[in-house]
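Please read all numbers here as calculations on a predicted model, not as lab measurements.
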Amino acid sequence: MGTHSYLASSVPLEPEFVLIPGASFLMGSDCGQDCERPIHRVWVDAFLLAATQVTNAEYERFLRATSALPPPFWQDPNFNHPQQPVTGVSWHEAARYCEWLSSQTGRTYRLPTEAEWERAARGGLEQHQFPWGNDPPQSLPDYPTRWQTGPEPVARYAPNAFGLYDICDNVHEWCSDWYDANYYAVSPDRNPQGPEECSMRPPRKSSRGGSWRHHIKVARCSARSSIPPHFQYADYGFRVACNV
């Protein structure tokens with residue numbers, strides 16, 4: 001199953017969770033892409049979000065239990081450290097992981113919505129660009145030497161105010177929503193779930209966060225991205241959410 005298979009049995013089944021309190025916040029940005037406008041106030045109910053992105057060691061438990069095929073970079077030494085986030089996972093595979101984890105625990109695991117993700121990433125800071133404030137990513141410790149050939153092992157650097165690690169960096173994180181660049185203009189003001197379908201062809205699922213592959217490695221809290229749900233990219237991973 002790979003170079004880290006001996007670790008799978010020692011990995012806790014359920015991730016470490018952070019409680020994101022219910023609150024309203026200003027979602028979006030006037031200084032980003034058009035799809036981040038208009039800024040609008042959204043209420044998000046309390047929920048639990050994993051402190052880290054799903055790691056290779058965690059994902060291996062799923063592969064062993066389900067006999068699912070490993071993602072395409074599973075054997076690549078730049079991507080297969082046990083504590084690196086699993087990469088190359090399609091949206092469908094991330095959703096199946098959540099379903100499997102739910103079946104094993106009796107709790108409802110799922111991917112976060114875009115609104116939940118942005119609420120969590122902001123860490124309670126209203127309309128700041130990054131989880132830590134407005135200082136540029138280049139101000140982070142060791143920024144010039146990080147993310148050289150792939151994502152870092154999770155939780156190497158300080159978390160945001162909610163206790164979430166790598167929330168705007170390392171790998172893009174799948175969200176549950178279909179993507180619509182104009183959704184903010186019609187979004188409900190309580191617990192938005194995204195549009196019922198994507199009008200783009202092929203349809204796209206939403207994603208959030210930065211990527212080790214980009215020139216600027218850390219995304220703004222409000223930055224939106226999307227790709228078709230069957231794509232398996234080397235800078236796409238996910239973290240799981242859970243109802244309170």
Note to self: Evaluate Glu58 against Arg239 for salt bridge (Lys or Arg N to Asp or Glu O under 4.0 Å), listing each step before the verdict.
What the structure shows: CA-CA 11 Å; Glu58 291 175 314; Arg239 78 178 71 212; over 6 Å; no
Check: For Trp147, which of Asp142, Asn170, Asp235 qualifies under side chain to side chain donor-acceptor pair (under 3.5 Å)?
Finding: Asn170
Note to self: My understanding is that only residues two or more places apart in sequence, or in another chain, count here; which of them pass salt bridge (charged side-chain N to carboxylate O under 4.0 Å, His left out) with Glu152?
What the structure shows: Arg146
Check: OG of Ser226 to CE of Met200: how many Å apart, nearest 0.5 Å?
Finding: 5.5 Å
Next item on the list: Kindly confirm or rule out a cation-pi arrangement of Lys205 over Trp178, judged by NZ or CZ under 6.0 Å from the six-membered ring centre and within 45° of its axis?
Entry: yes
Check: Any salt bridge between Glu36 and Arg224, counting N to O under 4.0 Å?
Finding: no
Notebook entry, point to check: Parallel under 30°, tilted from 30 to 60°, perpendicular over 60°: which one fits the rings of Tyr233 and Phe231?
Noted result: tilted
Next item on the list: Could you check Tyr97 against Phe238 for ring-ring contact (aromatic ring centres under 6.0 Å, His included), going step by step and ending with a plain yes or no?
Entry: CA-CA 10 Å; Tyr97 178 90; Phe238 67 107; 5.4 Å; yes
Margin query: Quick check: closest heavy atoms across Ala241 and Leu111, and the distance to 0.1 Å?
Written below: CB-C, 4.3 Å
Notebook entry, point to check: Below 6.0 angstrom between ring centroids: does that apply to Phe79 and Trp212?
Noted result: yes
Check: Below 4.0 angstrom, N of the basic side chain to O of the carboxylate: do Arg110 and Glu99 qualify?
Finding: no
Notebook entry, point to check: Is it the case that Ser222 and Arg220 place a side-chain donor and acceptor less than 3.5 Å from each other?
Noted result: yes
Next item on the list: Return yes if a side-chain donor-acceptor contact under 3.5 Å exists between Ser207 and Ser225, otherwise no.
Entry: yes
Notebook entry, point to check: When you look at Tyr143 and Tyr157, which way does the ring-ring contact (aromatic ring centres under 6.0 Å, His included) test go after all the steps?
Noted result: CA-CA 11 Å; Tyr143 182 86; Tyr157 291 85; over 10 Å; no
Next item on the list: Hey, could you give me the CD/CG distance between Glu60 and Asn80, rounded to the nearest 0.5 Å?
Entry: 10.0 Å
Margin query: When you compare the side chains of Ser90 and Gln232, does any donor N or O come within less than 3.5 Å of an acceptor on the partner?
Written below: no
Next item on the list: Specify the closest pair of heavy atoms between Tyr184 and Arg37, including all atoms of both residues, with the distance to one decimal.
Entry: CB-O, 3.6 Å
Notebook entry, point to check: Quick one: do the Asp45 and Trp43 side chains pair a donor with an acceptor below 3.5 Å?
Noted result: yes
Note to self: I'd like to know if Arg208 pairs up with Glu173 as an ion pair, taking the criterion as any Lys NZ or Arg NE/NH1/NH2 lying under 4.0 Å from an Asp or Glu carboxylate oxygen.
What the structure shows: no
Checklist line | Separation of Trp117 CH2 from Trp174 CH2 (nearest 0.5 Å) | finding: 14.5 Å
Margin query: For Arg122, is there an ion pair with Glu118 - N to carboxylate O distance below 4.0 angstrom?
Written below: yes
Notebook entry, point to check: Do the side chains of Gln84 and Asn78 get nearer than 4.5 Å, heavy atoms only?
Noted result: no
